[in-house]
Each structure stands twice: as structure tokens, then as C-alpha cells.
Amino acid sequence: YNCSVKIFHEKCHSRKTELISTLRCDHFKENLALKGTATQSSQYNAAGAAGKAIDGKRNAKFSDHSCTHTERDSKPWWKVDLHNVYAVTSVTITNRGDCCAQRINGAEIRIGNSLDDNGNQNPLCAVITSIPAGNSRTFQCNGMTGRYVNVVLPRPDFLTLCEVEGLSCQLITTWW
């Protein structure tokens with residue numbers, strides 16, 4: 001799909017110019033999460049490190065050391081720092097398959113640039129109602145811009161993610 005964002009910028013000579021950015025998804029999609037750095041609210045054990053969710057594997061078995069796992073926190077969260085601001089078109093989450101699939105229910109996907117509350121107050125992309133055990137589900141974020149992609153569970157529980165993929169399309173910028 002294509003979308004345009006118009007931003008007006010006033011130069012020194014009081015001449016307005018127009019910046020038009022077009023998000024083109026017909027040729028180029030990239031999983032930005034693979035190049036990011038992941039952190040989380042806590043770590044259950046050595047096998048549940050935050051980076052397991054961006055290892056490029058959709059293996060949904062925690063015992064295979066391919067999933068994250070927090071402690072039972074009051075509001076557990078996981079975050080990937082993309083190291084730059086991107087237009088995120090979609091986020092795909094792979095849920096744990098060997099246990100506790102319902103834990104993901106109600107989790108929020110948030111995208112933005114703020115680190116207030118660890119990024120958990122950034123704009124909302126989607127709420128995960130459910131993902132069947134071991135399955136992946138894609139949530140459309142329609143080009144939301146941000147450096148951070150968070151998954152936060154707004155209740156006390158454990159948070160386990162087996163893969164998080166953040167897709168972006170090519171952002172073409174033109175000055176007029």
C-alpha cells in the first residue's frame with residue numbers, strides 16, 4: 001500500500017517547502033527487529049533472555065531456548081530498540097506452544113520514540129486478544145513511526161514471546 005505524510009517546513013527566507021514521504025510496500029519489506037537490541041522487565045532464567053524473540057526463529061518451544069520469559073511482574077514488558085526511527089507497517093508475534101498460551105491475551109503492541117515508563121506509553125498499534133499455542137499472528141500498524149516496539153501486558157503475569165517481527169517498507173522522501 002502507499003500512504004503520504006505532508007510536513008511543512010519554513011526555511012530562512014520565509015519560503016515554505018513541503019516534505020512528502022511515501023511509504024511503498026510493493027517492492028521492499030524488512031524485518032527490522034533482527035537488527036535491534038531487546039530488553040525486558042525481568043528474566044525468569046537464562047533460557048528466557050529478551051534477545052530470543054529476535055533470533056529469526058519461530059520455534060515456539062520454550063525448552064528449545066528460543067523464547068523469552070519474564071518473572072511474574074506487575075506489568076511485564078518486552079522492548080526492541082530499532083536504533084533508528086522507522087515506519088512500522090506490521091508486527092508479527094509467535095506465541096509459546098508448549099504451555100500457557102493464554103498469557104499473551106490482552107498484551108499491547110506499542111510503537112514510538114519515548115522511553116517514559118520503558119516505552120510502555122507509546123502509541124498503541126494493537127491489543128492481542130489471543131494467539132493459539134505455537135502460532136504466529138500479524139498485527140497491522142499502518143506505518144506507525146518509532147524507534148521502539150514494545151509488547152506490554154497491563155496486568156500481573158509472566159510474559160513469554162517466541163518471536164517478534166517488525167516489518168517496515170521503504171520510506172521515500174521528496175522535498176517540494
Spacing of [X] atom [atom1] and [Y] atom [atom2] [to the nearest 0.5 Å]:
| X | Y | atom1 | atom2 | answer |
| --- | --- | --- | --- | --- |
| D64 | K52 | CG | NZ | 10.5 Å |
| Q40 | L159 | CD | CG | 7.5 Å |
| T160 | I104 | OG1 | CD1 | 8.0 Å |
| N150 | C125 | CG | SG | 11.5 Å |

Nearest heavy-atom pair of [X] and [Y]: which atoms, and what distance?
| X | Y | answer |
| --- | --- | --- |
| P76 | S41 | CA-OG, 3.4 Å |
| S168 | Y86 | OG-CB, 4.2 Å |
| A38 | A50 | CB-O, 3.5 Å |
| A101 | N95 | O-ND2, 3.0 Å |
| A87 | G143 | CB-O, 3.8 Å |
| S136 | T92 | CB-CG2, 4.0 Å |

Student check: side-chain heavy atoms of [X] and [Y] closer than 4.5 Å:
| X | Y | answer |
| --- | --- | --- |
| T39 | D81 | no |
| S66 | D55 | yes |
| T138 | L167 | no |

_Other ILVMFWY residues reachable from W77 by side-chain steps of under 4.5 Å_ = V152
*Hey, what else clusters with V127 if you join Ile, Leu, Val, Met, Phe, Trp, Tyr whenever side-chain heavy atoms sit under 4.5 Å?*
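Noted: V127 shares its cluster with L124.
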_Candidate pair M144 and N122, rule side chain to side chain contact (heavy atoms under 4.5 Å, CB included), full reasoning_ = CA-CA 11 Å; M144 291 178 69; N122 278 323; over 6 Å; no
*Under the salt bridge (Lys or Arg N to Asp or Glu O under 4.0 Å) rule, what pairs show up with a residue in residues 123-133, not counting sequence neighbours?*
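Listed by first then second residue: nothing to list.
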*asked:* Quick test of your reading: applying salt bridge (Lys or Arg N to Asp or Glu O under 4.0 Å), list the pairs with at least one residue in residues 65-78, sequence neighbours left out, ordered by first then second residue.
replied: K75-D117
_Applying salt bridge (charged side-chain N to carboxylate O under 4.0 Å, His left out), can you list everything that pairs with R155, at least two apart in sequence or on another chain?_
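By the salt bridge (charged side-chain N to carboxylate O under 4.0 Å, His left out) rule, R155 matches D157.
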_Contacts of N135 that satisfy side chain to side chain donor-acceptor pair (under 3.5 Å) - sequence neighbours left out_ =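 Listed in chain order: nothing, the list is empty.
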Among residues at least two apart in sequence or on other chains, which ones pass side-chain contact (heavy atoms from CB on, under 4.5 Å) with [X]?
| X | result |
| --- | --- |
| T37 | H83 |
| A53 | T68, W78, L161, V164 |
| T129 | R137 |

*Honestly curious: do L32 and I54 fall in one hydrophobic cluster under the side-chain, below-4.5 Å linking rule?*
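Cluster IDs for L32 and I54 match.
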*State yes or no: do F139 and I111 share one hydrophobic cluster built from I, L, V, M, F, W and Y residues joined by side-chain heavy-atom distances below 4.5 Å, directly or via other members?*
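Looking at the clustering, I111 is in the same group as F139.
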_Qualifying side chain to side chain donor-acceptor pair (under 3.5 Å) pairs, either residue in residues 100-109, two or more places apart_ =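 Passing the test, one end in residues 100-109: E108-R110.
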*Restricting to pairs with a member in residues 41-115, which pass disulfide (SG to SG under 2.5 Å), not counting sequence neighbours?*
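For residues 41-115: C67-C162.
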_Test of understanding: with ring-ring contact (aromatic ring centres under 6.0 Å, His included), list the residues that count as partners of F62, not counting sequence neighbours._
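If we apply the ring-ring contact (aromatic ring centres under 6.0 Å, His included) test to F62, skipping adjacent residues, the hits are H69.
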*Answer yes or no: does atom CZ of F158 have more than 12 heavy-atom neighbours from other residues, nucleotides or ligands under 6.0 Å?*
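Counting neighbours around CZ of F158, more than 12 heavy atoms of other residues, nucleotides or ligands fall under 6.0 Å, so yes.
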*Would you sort out whether R96 and D98 count as a salt bridge (charged side-chain N to carboxylate O under 4.0 Å, His left out), showing the intermediate values?*
CA-CA 6 Å; R96 184 173 176 170; D98 56 353; 2.6 Å; yes
*Would I93 and I109 count as a side chain to side chain contact (heavy atoms under 4.5 Å, CB included) if you check the C-alpha gap in whole Å, the side-chain angles of each, and the deciding distance to 0.1 Å?*
CA-CA 10 Å; I93 307 276; I109 301 169; 4.2 Å; yes
*Does any N or O in the side chain of N113 come within less than 3.5 Å of the main-chain N or O of R147, such that one atom is a donor and the other an acceptor?*
yes
